Peer 1: 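Below is one structure. I have some questions about it.
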2 protein chains.
Amino acid sequence: MQLPPLVQTFVLHFGEMGSRWGINRTVGQIYAVLFVAERPLNADEIVERLGVSRSNVSMGLKELQAWNLVRLQHVPGDRRDYFATPEDIWQIVRTLVEERKKREIDPTLTLLRELLMQEAATEAEQHAQVRLGEMHDLFELFAGWYADVRRLDTDRLVQLLTLGSKVQKVLDMKDRLTSLPGRLGGRTAKRG
Amino acid sequence: MQLPPLVQTFVLHFGEMGSRWGINRTVGQIYAVLFVAERPLNADEIVERLGVSRSNVSMGLKELQAWNLVRLQHVPGDRRDYFATPEDIWQIVRTLVEERKKREIDPTLTLLRELLMQEAATEAEQHAQVRLGEMHDLFELFAGWYADVRRLDTDRLVQLLTLGSKVQKVLDMKDRLTSLPGRLGGRTAKRG
DNA sequence: TAGCAATTTCAGAAATTTCTGAAAAGTCGA
DNA sequence: TCGACTTTTCAGAAATTTCTGAAATTGCTA
């Protein structure tokens, strides 16, 4: 691995974290290298810096592009593909929110819907369906939340996160000023 | 695997999703079985339903307890340990928020702090530090957000998620009624 | 302390994921 | 169309993670 110490530490850490974020080590490292790079890099430059195989970098870049976490660019007079992370760090947040929804929420929501349509034969299944109903409502709430957050522009996103401990106060305020639709406590919001 | 079809489908799916959520298949399946169960189950009952080894269930339960996702109970006159998922599904949300922070945010935040303390020798390292500074601020914002959300009671949590497409409106409202601390756009909020 | 029931530990087996090298496919200018 | 350069694919190797069975440990009762 051919990197200044400070950068190397960051890249290695990001590689390890990758596995906790659903991407593999090399993909995490590639992202990290591109994130701190002063200019777009081509695949061979990444190979050089990380000391992994060319094919591994190729696959990693493909995955990062699928996640919309890196952008393909071209340098005039150079046929090779160059890659960079989007300049706006907030774009990353929006991307991650979107991908998480797609990978972690939506598939389960689809399955839960199907299971709730089925006829429960036994008593055990009936009880299970009640529980699955609760989970369905929870996931649906999350799906909506993620979808909404994704649509926020950067300023609003920053605001939302900066609210911090004031979330409580703002919710109180909202409470006073608007009427809430439907029932909320206990069983989560009722479907259909 | 000894389960009614509907439950089996759910359990298998949850096992697969587990890997996307940073837990392994069996751990996901154990959680799923407990979630739909009508009463607390002991380890052997879980072994029976899932068809995995006793030791695997033991380790899985240990991990779920570490995550605070299952609770150990005792049945009078029975020496065995019984396990159940907390009755309040919103407790799960709070738990997951907390664990995500602990596993995904905090370690990176710590590292970034350290790297920002270091003296940058080269120009490349100086540029890297600027980028790491941006990432640090982002992670700090997230850490604060997670910490705040974790503290919300169930009603507020439901409210927050139910806001849905009204997030934008509420932020506008907040904008008008309160003064915002510090700078927000462009470079994320400045440190110390 | 012995004897039994339950749980935990852990080394190695099995399964899965990641990575590589070699070959194939794509792209461009002449 | 050829040839040089670049990227992609993919079968098998390597690494990692998960799972198991056997043994050790814990805890209880007598």
Side-chain angles (χ1 to χ4, degrees), chain A residues 1-2 11-34 40-67 70-84 103, chain B residues 1-2 11-34 40-67 70-84 103:
Chain A
M1 192 176 278
Q2 201 57 359
V11 167
L12 290 176
H13 173 87
F14 222 79
E16 299 314 320
M17 292 310 284
S19 50
R20 298 197 179 172
W21 298 335
I23 60 180
N24 70 40
R25 186 166 5 123
T26 308
V27 172
Q29 290 181 354
I30 293 173
Y31 183 82
V33 161
L34 291 175
L41 303 178
N42 64 47
D44 285 327
E45 290 173 321
I46 299 170
V47 167
E48 208 172 74
R49 283 164 168 71
L50 293 182
V52 298
S53 75
R54 182 57 233 275
S55 55
N56 200 359
V57 169
S58 177
M59 290 187 297
L61 286 170
K62 222 180 117 197
E63 184 167 347
L64 286 170
Q65 283 177 279
W67 277 71
V70 305
R71 173 175 308 165
L72 171 60
Q73 301 187 340
H74 280 104
V75 173
D78 191 333
R79 245 160 79 180
R80 289 168 295 182
D81 293 342
Y82 281 76
F83 299 89
R103 290 159 198 249
Chain B
M1 191 177 276
Q2 201 57 358
V11 167
L12 290 176
H13 173 88
F14 221 80
E16 298 315 319
M17 293 310 285
S19 51
R20 301 197 177 170
W21 298 335
I23 58 178
N24 70 39
R25 186 163 8 121
T26 308
V27 173
Q29 290 181 356
I30 294 173
Y31 183 81
V33 161
L34 290 176
L41 303 178
N42 64 48
D44 284 327
E45 289 172 321
I46 298 171
V47 167
E48 206 172 76
R49 283 163 167 72
L50 293 181
V52 298
S53 74
R54 182 57 232 280
S55 56
N56 200 0
V57 168
S58 177
M59 291 187 297
L61 286 169
K62 220 180 120 199
E63 185 168 348
L64 285 171
Q65 282 178 281
W67 278 71
V70 305
R71 174 175 308 164
L72 171 62
Q73 301 187 341
H74 281 104
V75 173
D78 191 333
R79 250 159 77 178
R80 288 167 297 182
D81 293 341
Y82 281 76
F83 298 89
R103 289 159 199 247

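Numbers restart at 1 for each chain; the letters A, B, ... are given by sequence-line order, proteins then strands. Here the structure is a predicted model, which means the values were calculated and not measured.
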Peer 1: Looking at every non-hydrogen atom in both residues, tell me the closest pair between B:Val52 and B:Asn56 and how far apart they are.
Peer 2: CB-ND2, 4.1 Å

Peer 1: Contact class for A:Asp81 vs. all strands (heavy atom < 4.0 Å): base, sugar-phosphate, or nothing?
Peer 2: sugar-phosphate

Peer 1: To the nearest Å, how far apart are B:Ile46 CD1 and D:dC19 P?
Peer 2: 14 Å

Peer 1: Would you say a side-chain N or O of A:Arg80 is under 4.0 Å from OP1 or OP2 of D:dT7?
Peer 2: no

Peer 1: Between B:Thr26 and D:dC19, is there a contact of a side-chain N or O with OP1 or OP2 at under 4.0 Å?
Peer 2: yes

Peer 1: Once you round it to whole Å, what is the distance between C1' of D:dT9 and CE of A:Met59?
Peer 2: 9 Å

Peer 1: To the nearest angstrom, how far is B:Arg20 atom CZ from C:dT16 atom P?
Peer 2: 16 Å

Peer 1: Let me spell it out: for each of B:Asn42 and B:Asn56, pick the nucleotide of DNA chain C with the closest heavy atom. Which residue's pick is nearer the 5' end?
Peer 2: B:Asn42

Peer 1: Nearest 0.5 Å, please: how far is CG in A:Leu41 from CZ in A:Arg80?
Peer 2: 11.0 Å

Peer 1: From the options D:dT7, C:dT7, C:dT20, select the nucleotide whose nearest atom is closest to the side chain of A:Ala43.
Peer 2: D:dT7

Peer 1: At less than 3.5 Å, do the side-chain atoms of A:Ser53 and the base atoms of C:dG21 form a donor-acceptor pair?
Peer 2: no

Peer 1: Taking CG from B:Leu64 and P from C:dT7, how many angstroms apart are they, rounded to a whole number?
Peer 2: 15 Å

Peer 1: Can you tell me if A:Arg20 uses its side chain to pair, donor with acceptor, with the backbone of B:Arg103 under 3.5 Å?
Peer 2: yes

Peer 1: Starting from C1' on C:dT16, measure out to CD on B:Glu16 and report it in whole angstrom.
Peer 2: 12 Å

Peer 1: Counting side-chain heavy atoms from C-beta on, which of C:dC28, C:dG21, C:dT7 comes nearest to A:Arg79?
Peer 2: C:dC28

Peer 1: Answer yes or no: does a side-chain N or O of A:Ser58 lie under 4.0 Å from OP1 or OP2 of D:dT8?
Peer 2: yes

Peer 1: Nearest-Å distance, OH (B:Tyr82) to C1' (C:dA6)?
Peer 2: 12 Å

Peer 1: What is the distance from CZ of A:Arg54 to C1' of C:dG21, rounded to the nearest Å?
Peer 2: 13 Å

Peer 1: Could you tell me whether the phosphate oxygens of C:dT7, OP1 or OP2, come under 4.0 Å of any side-chain nitrogen or oxygen in B:Lys62?
Peer 2: no

Peer 1: Please evaluate residues A:Leu72 and A:Leu61 with respect to the criterion side chain to side chain contact (heavy atoms under 4.5 Å, CB included), reporting the C-alpha separation (whole Å), side-chain torsions for both, the decisive distance (0.1 Å), and the verdict.
Peer 2: CA-CA 9 Å; A:Leu72 171 60; A:Leu61 286 170; over 6 Å; no

Peer 1: Scan A:Arg25 against the nucleic acid and name what it touches under 4.0 Å (heavy atoms): base, sugar-phosphate only, or nothing.
Peer 2: sugar-phosphate

Peer 1: Measure up the A:Trp21 and A:Phe14 rings against each other and bin them: parallel (under 30°), tilted (30 to 60°), perpendicular (over 60°).
Peer 2: perpendicular

Peer 1: Whole Å only: how far is the CG atom of A:Asp78 from the C1' atom of C:dG29?
Peer 2: 15 Å

Peer 1: Within the structure shown, what part of the strands sits under 4.0 Å from B:Asn24 by heavy-atom distance: base, sugar-phosphate, or nothing?
Peer 2: sugar-phosphate

